[in-house]
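As the structure is a prediction and not an experimental result, all values here were calculated from the model. Within every chain, numbering begins at 1; the chains are lettered A, B, ... in the order of the sequence lines, protein sequences first and strands thereafter.
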Amino acid sequence: MKDIAGKKRKIDGVDIFVFTVLTIWLLIIIIPFVNAVAISFATQKEYVDNPLMLFPANPTFRSYEMLLNDYRIWTGFRTSFLIVLMGVPLNMLLTMVLAYGTSRGSYPGKKIIIGGILFTMLFNGGIIPLYLQMKEMGLTNHLWSVLLAGSVNVFYFVIMRSYFQSLPDSLIESARLDGAGEWRVLFHIILPLSKPIIATLTLFYLVDRWNEWYHALIFIRNSDLQPLQLVLRSIVMESSIVNNVTSAAAMETMQNFDMGVKMAAVIVTILPVMCVFPFLQKHFAQGVMVGAVKA
Amino acid sequence: MKGRAETVKRKDSVFKEIWKNKAIYMIMLPGIAWFIIFAYGPMSGLQLAFKEYSTKLGIWGSPWCGMENFQYVFRDPSFLRSVGTTLWINAGRLLFQFPVPIILALLFNELRLKRYKKIVQTVLTFPQFLSWVIVASIVINILSYDGLVNSVIAAFGGETVNFMGSAGMFQPLLYITENWKSAGWGAIIYMAAISGIDVDQYEAADLDGASRLQKIFRITIPNILPTISVMFVLQMGNLMSGGFDQVFNLSNPAVKDVSEILDMYIYNISFGSTPDFGFSTAVSLFRSVVNCVFLVAADRGAKALGGSGLFA
């Protein structure tokens, strides 16, 4: 592709190979989603008759109705929304103050603070001491355990810090000369200049919070506080264990249409991520570093 | 005397410096407090590895027991088995997962249909933003007895396969689903590295009449080696973790023998029926230390070989 400008090249074997492989890959990603959507709108009869289904002939909302009649899904939505609404601002606040404080100036202890933050990437206490500490603090079975367990993502901190460092010093110096304090500098000078990185990291934190299930699995036993991901998990897993260990003959007797409700649950859980994704995608350039570490 | 006076003076100036910068400490206070409580607090909790935990006495009050926990850990056959499983799965990951984003980035780079490229990239990055709970649900759906894949197999007259429930299928399932979810996203970092390559190199190669494949192997790949090396180092830091989220959501009792990686083992012994937190903390500490050692070792190794490491 990087040939001398203006020169059109003929289609060669490499082009055909690349196109074919990527198209197959594309289909492998898309088809499972299409299949899930189709099943969520299908009737049980149609699913049994035509399991290759990519779109239902007679779409029905039955599965969605059944799903929305399940109180657990509402518990899940409420909890997940609470986790996002409270968690993301907390994430951003803590990440921002640390990134700002360590991005410029020199003061005693700066190196220790940066080192202390980065060290946690290398080594951490693991889940058991964290669980016991949460328990001793009386936070288990409260949303606060989930909110506080993942409040700062060190990788995001690094990204934000390097962005802050790239801002010109002169702006801050002149604000200081005008007598602006640290809070003023952060909120009136730095943040307005950092909109792209703030947008990026807010979106990343948002998706992370929406996808939160692990900490909730460990800290929260209370069934009224299960996030949507865990509700989905219990809906999907309900009979899939049976599905896995029993024979095909036993499957016949099982209520097949559970699958419709399960897929409806999958779709409603994916939907918010799908809504955020186009915005997220715009910021992939800043996300490249995140890509390095999340992969 | 003189030395002492100087120290006092330096101490004075340190306090003065701190006082001068008090606003910056104040601004960072919430963040620092969080790190001390929720990152370093649990680290101090690792002392449990050398203690006999009792709920009544708490982390700090429980009595010390030396290396007793570790003696039990290393004698536990299921611990040793889970270490083996973890290493085995990670060896597979290195072989079947690590190169895939690199290959994908090279493919993207050679795709000349610009608009199509954008579409493919968009779709391939999307699954990264779904949790393993969702991905596992989708996978369980298409791989079930009357799911899509088995229906296709049946349509061609083949025998249906019990994908989720057979031990032999579990590892391929891990590698395929991980690539399904993350390869597109993982390719982004290599794409960025490729876009940073100097165009002059390709032009010079064009003048010399190099073929596309020659350019890929002689120019593109050598130029992204530093990135590959960094990613490799990061991968080594996960040697004792095996992707808990993925394994936890894709496994079931039928594949217990091949799916109990160290993280699963820790989860099972910690949150099962009769937890022994001293014991499981010892396992957890072992895991963290091995990961840490391998990360640092891989970093040194990559640098010794002339590659790029993590720590400058």
Side-chain angles (χ1 to χ4, degrees), chain A residues 1-4 14-15 18 21-22 26 29-30 32 35-36 51-52 94 97-98 101 105 107-108 116-117 120 122-126 128-130 132-133 136 148 151-152 181-183 207 211 213 229 232-233 236 240-241 243-245 248 251 263 266 269-270 273 277 281 284 288 291-292 295, chain B residues 14 17-18 21 23-24 27-28 30-31 34-35 38-39 41-43 45-46 48 58-59 101 107 110-112 120 122-124 126-127 129-131 133-134 137-138 140-142 144-146 148 151 164-165 182 185-186 188-189 192 199 202-203 206 212 252 254 270 277 280-281 284 288 292:
Chain A
M1 56 163 285
K2 304 225 175 186
D3 50 357
I4 298 164
V14 177
D15 285 318
V18 167
V21 172
L22 286 178
L26 183 75
I29 305 276
I30 290 179
N35 186 237
L52 279 173
L94 295 182
V97 295
L98 287 172
Y107 49 84
I117 294 171
T120 59
L122 203 63
F123 189 84
N124 58 63
I128 300 133
L130 184 61
L132 294 175
Q133 190 187 317
E136 287 181 9
L148 286 168
S151 294
V152 181
E182 297 291 348
W183 285 100
V207 173
N211 286 337
W213 63 275
Q229 302 283 337
L232 169 69
R233 194 182 138 79
V236 172
S240 70
I241 304 287
N243 189 345
N244 286 317
V245 292
M251 280 294 297
M263 288 306 110
V266 168
T269 315
I270 291 179
V273 182
F277 186 65
Q281 216 204 348
F284 274 180
V288 165
Chain B
V14 165
E17 277 294 297
I18 291 177
N21 288 292
I24 207 120
I27 223 169
M28 284 195 293
W34 182 84
F35 263 94
F38 292 102
M43 249 185 257
L46 282 172
L48 278 185
I59 295 174
L107 288 173
E110 295 300 324
L111 188 63
R112 289 197 281 168
V120 180
T122 305
V123 173
L124 263 59
F126 178 67
F129 295 93
L130 303 176
S131 69
V133 177
I134 296 175
S137 309
I138 292 171
I140 289 168
N141 170 42
I142 63 160
S144 66
Y145 268 107
D146 31 21
L148 192 68
S151 306
M164 303 304 294
S182 304
W185 178 250
I188 288 181
I189 183 79
V199 188
Y202 290 101
E203 284 172 0
D206 280 335
R212 274 175 97 174
N252 54 66
S270 310
F277 288 113
S280 45
T281 308
S284 182
S288 297
C292 191

Problem set entry | Top of V18(A), V14(A), I29(A), N124(A) for chain B proximity - count of heavy-atom pairs under 4.5 angstrom | I29(A)

Exercise. Is it the backbone or the side chain of S270(B) that comes under 4.5 Å from a heavy atom of chain A, or both, or neither?
Worked result: side chain

Seminar exercise, completed: Closest non-hydrogen contact found for G41(B) with Q133(A) is C-OE1, 3.2 Å

For this session: Could you tell me whether the side chain of D15(A) and the main chain of R112(B) form a donor-acceptor pair under 3.5 Å?
Result: no

Problem set entry | Per-residue contact mode, F126(B) against chain A (heavy atom under 4.5 angstrom) | both

Seminar exercise, completed: Heaviest contributor of heavy-atom pairs below 4.5 Å to chain B, chosen from A36(A), G116(A), G105(A), is G116(A)

Problem set entry | Per-residue contact mode, E136(A) against chain B (heavy atom under 4.5 angstrom) | side chain

Exercise. Where the side chain of R233(A) meets the backbone of W213(A), is there a donor-acceptor pair that is under 3.5 Å apart?
Worked result: no

Exercise. Under 3.5 Å, is there a donor-acceptor pair between the side chain of N211(A) and the main chain of F129(B)?
Worked result: yes

For this session: Measure from the side-chain N and O atoms of W183(A) to the backbone N and O of I27(B), and report whether any donor-acceptor pair falls under 3.5 Å.
Result: no

Exercise. With respect to chain B, which residue among L130(A), V266(A), L98(A), L94(A) yields the maximal number of heavy-atom pairs within a distance under 4.5 Å?
Worked result: L98(A)

Problem set entry | Side-chain (Q229(A)) to main-chain (V133(B)) donor-acceptor, under 3.5 angstrom | no

For this session: Against chain A, label I18(B) side chain, backbone, both or neither, depending on which of its atoms sit under 4.5 Å from a heavy atom there.
Result: both

Exercise. Which of the residues P42(B), S137(B), P101(B) is involved in the greatest number of heavy-atom pairs with chain A at under 4.5 angstrom?
Worked result: P42(B)

Exercise. At a heavy-atom separation under 4.5 Å, does N141(B) approach chain A through its side chain, its backbone, both, or neither?
Worked result: both

For this session: Specify which of I30(A), L22(A), V21(A), T269(A) makes the most heavy-atom pairs with chain B at under 4.5 Å.
Result: L22(A)

Exercise. So V97(A) and W34(B), side chain to side chain contact (heavy atoms under 4.5 Å, CB included) or not? Walk me through it.
Worked result: CA-CA 12 Å; V97(A) 295; W34(B) 182 84; over 6 Å; no

